[in-house]
Amino acid sequence: MSQPSRSQTPVDERTARRVAEEARETEWRLPSFGKQLFLGDFRLDLVHPHPRPDDDARRRGEQFLERLTEFCATRVDAALIERESRIPDEVIQGLREMGALGMKIPERYGGLGLSQLYYGRALMVVGSVSPALGALLSAHQSIGVPQPVKMFGTQEQKDIWLPRCARQISAFLLTEPDVGSDPARLRATAVPDGDDYVLNGVKLWTTNGVVADLVVVMARVPKPDGPRPDGHRGGISAFIVDMATPGITVENRNAFMGLRGIENGVTRFHDVRVPKANLIGAEGAGLKIALTTLNTGRLSLPAICAASGKWAAKIAREWSKERVQWGRPVGEHEAVARKVAFIAATAYALEAMLDLSGQLADDERNDIRIEAALAKLWSSEMACRIADELVQLRGGRGFETAESLAARGERGVPAEQLLRDLRINRIFEGSTEIMHLLIAREAVDAHLSVAGDIIDPDASAGTKARAAAKAGGFYARWLPTLVTGAGQRPNAYGEFGVLAKHLRYVERASRKLARSIFYAAGRWQGKLEYKQGFLGRMVDIGAELYAMSAVCVRANADSSGLGPLTGSIADGVSETDVPGASAVLLADAFCRQARVRVEELFDGLWRNTDEMDVKLARAVLAGDFAWVEEGVLDPSIPGPWIAPAEPGPSDRPGVHRTIG
Ligand SMILES: Cc1cc2nc3c(=O)[nH]c(=O)nc-3n(C[C@H](O)[C@H](O)[C@H](O)COP(=O)(O)OP(=O)(O)OC[C@H]3O[C@@H](n4cnc5c(N)ncnc54)[C@H](O)[C@@H]3O)c2cc1C
């Protein structure tokens with residue numbers, strides 16, 4: 001297969017940004033907890049009291065979970081999936097028969113009609129036994145054919161495709177060799193021809209693509225030069241394609257460091273005729289459809305991450321108690337104790353964030369695009385940290401495969417597999433770097449909507465002056481709201497007991513965050529969008545604040561009826577038989593840990609090496625420090641030879657020149 005190349009589709013940065021901007025949903029019809037958080041307006045009322053499923057949704061959800069758990073416990077051999085890098089047909093058939101391929105498809109189309117909350121819990125069960133199986137179900141239902149058809153399809157499309165999706169596997173095909181985070185470079189084409197489109201192109205890393213019956217393909221309909229009588233507008237568009245259509249070949253089954261059982265391929269389309277009726281939404285709306293689908297679709301990966309956190313908490317507890325070194329269980333040595341505490345508290349937070357976000361999605365009273373994005377970002381990062389700490393506290397056994405452990409008579413704990421399986425979550429469905437940009441864009445939307453023209457490098461002087469006057473009025477009203485708030489009142493949020501102080505902290509931190517964004521917008525103006533270090537930390541602060549809020553609200557709900565509880569692990573209250581009270585202890589511990597991270601992030605907003613690092617990276621890319629790479633071999637170059645290094649003045653240590 002060809003290497004991705006720069007020359008294939010020349011797309012400059014401005015075009016890439018414009019394409020991303022056009023795909024954004026710009027309207028905010030419903031309130032957003034996440035958006036207000038970044039504006040210094042802590043709207044606890046939007047998430048508290050914790051929303052709950054209605055009786056019918058709960059009954060159906062619990063019944064299904066029971067059957068699914070039984071199936072996974074008795075019929076899925078996770079070690080076999082890992083060993084053979086394949087999910088057995090019987091497993092897929094069993095899931096199909098119990099309706100697991102149609103969990104979110106309404107019952108009238110043959111699905112189970114589960115809520116987002118129970119869909120997430122089901123993925124947690126499946127993901128805990130095999131993340132590869134979790135990926136199969138989520139790629140099909142969160143980003144594959146059913147969700148965009150449900151949200152954007154015509155009635156006729158729903159009638160045709162949803163019943164099929166309840167029984168068959170689907171996939172989502174956006175990525176190409178030259179298109180990853182930047183869809184502006186998309187090359188696959190769909191050329192109108194009579195009642196069809198003719199599809200050509202190559203799609204890479206298609207999860208489920210090797211076994212899918214149906215796929216959603218993103219392809220570019222050529223833009224007409226002028227108005228066309230046949231109504232074609234052109235642009236990136238979403239098509240449902242039946243994989244039985246002539247002209248489709250799956251060229252490779254890709255293999256990865258983790259998720260060994262996934263059926264991920266390279267799919268080539270050669271003159272594939274797709275009926276017009278298979279276009280989802282309008283021509284040119286493809287990326288917007290994909291992004292909107294991801295608003296809730298992004299909650300699947302947090303489910304897999306929450307499952308991993310729970311399992312890691314169990315293994316960490318059992319192992320740290322059982323393994324004795326230097327006269328004590330390793331969990332009693334402070335260095336390991338910190339890891340155990342981090343894993344247990346974060347596992348609770350991962351589930352709290354997942355459940356709250358899922359329940360908010362079900363309620364449809366809030367716009368959850370920021371919360372879901374924060375959940376994806378935070379959960380994928382935290383789960384990887386958990387897996388890494390789990391490997392560490394298991395010592396050499398953490399690095400050893402479960403198969404090898406079992407072969408020499410020990411318990412086959414797949415800790416290293418967890419680390420490998422989770423790693424992709426920071427890359428796909430929006431890499432951490434892209435999630436930072438995407439959330440930052442939404443978070444500063446209020447600023448941009450008033451100050452946009454001031455910081456737009458293309459705006460004229462007159463436009464900027466008018467924008468400045470308008471922004472002045474907005475900030476005169478808004479800034480005073482950032483000075484004081486409930487977080488400064490000692491008794492605020494009193495019904496939360498020991499957790500009240502953490503909510504007061506979130507309120508204060510939310511205002512501080514908004515002030516920081518305001519200051520940064522003034523300092524860097526149009527260059528703010530390039531300050532990715534600042535934007536990333538800012539978003540990470542928002543994510544921690546959302547996690548703290550979710551945990552407090554969840555623990556409050558878990559302990560309802562007990563009244564405000566005041567005990568804290570920090571004050572020596574170490575155990576309680578009452579489950580709800582125990583939840584408050586863990587929530588308090590989590591918030592204390594999160595606050596340390598938030599403080600570090602705030603500190604890093606202004607004290608960092610970002611600017612220098614950008615200059616250094618530029619020099620590194622120019623080859624100025626290539627000498628640092630000498631003395632080793634490059635295993636990615638085939639053959640027993642080393643390319644001679646290019647001589648240059650800066651190849652030698654000790655030769656300095658100004659960079660930047
Ligand atoms: C196992 C697996 C399954 C997948 N499943 C699917 C699937 O089902 N369907 C599908 O369509 N795709 C799928 N993908 C593709 C996946 O979504 C992409 O890998 C992901 O979008 C990143 O794109 P890329 O790999 O080309 O990285 P690139 O876009 O080339 O990025 C390289 C690095 O640069 C960073 N970066 C890129 N742009 C910016 C920027 N503007 N600012 C800051 N940093 C930036 C990225 O975060 C990353 O760290 C899958 C990939 C894998 C490995």
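Atoms within each ligand, like the ligands themselves, are counted from 1 in listed order. Side chains are part of it too, since the values below use all heavy atoms of this structure and drop only hydrogens, waters and symmetry mates.
At a threshold of 4.0 Å, the pair Glu429-Lys376 does not count as salt-bridged, since none of the basic side-chain nitrogens sits closer than that to a carboxylate oxygen. The existence of a salt bridge linking Glu176 and Arg187 is excluded, since no basic side-chain nitrogen approaches an acidic carboxylate oxygen closer than 4.0 Å. Using a 4.0 Å cut-off between charged side-chain N and carboxylate O, Arg607 and Asp610 make no salt bridge. Look at Asp421 and Arg260 and you find no salt bridge, because none of the NZ, NE, NH1 or NH2 atoms lies under 4.0 Å from a carboxylate O.
Asn278 places a side-chain N or O within 3.5 Å of a backbone atom of Ile240 that can act as its donor or acceptor partner.
Taking distance alone, with nitrogen or oxygen atoms compared against 3.5 Å, Thr206 stays at or beyond that limit from ligand 1.
With rounding to the nearest 0.5 angstrom, the CD atom of Glu416 is 11.0 Å from the CG atom of Leu390.
Heavy-atom contacts of Ser181 reach the following atoms of ligand 1: 22 (C), 23 (O), 28 (P), 29 (O), 31 (O), 37 (C), 38 (N) (cutoff under 4.0 Å). Ligand 1 places these atoms under 4.0 Å from at least one heavy atom of Ile434: 38 (N), 39 (C), 40 (C). The contact set between ligand 1 and Ser431, taken as ligand atoms under 4.0 Å from a residue heavy atom, comprises 46 (C), 47 (O).
Only the side chain of Leu437 comes within 4.0 Å of ligand 1, judged by heavy-atom distances. With a 4.0 Å cut-off on non-hydrogen atoms, Asn264 touches ligand 1 through its side chain and not its backbone. Residue contacts with ligand 1 for Gln532 involve side-chain atoms from C-beta outward but no N, CA, C or O (heavy atoms, distance under 4.0 Å).
For atom 30 (O) of ligand 1, no protein heavy-atom neighbour is present inside the 4.0 Å cut-off.
More than 12 heavy atoms of other residues, nucleotides or ligands shown are found within 6.0 angstrom of NZ on Lys158.
Of the candidates Met257, Met218, Glu433, the one placing a heavy atom closest to atom 35 (C) of ligand 1 is Glu433.
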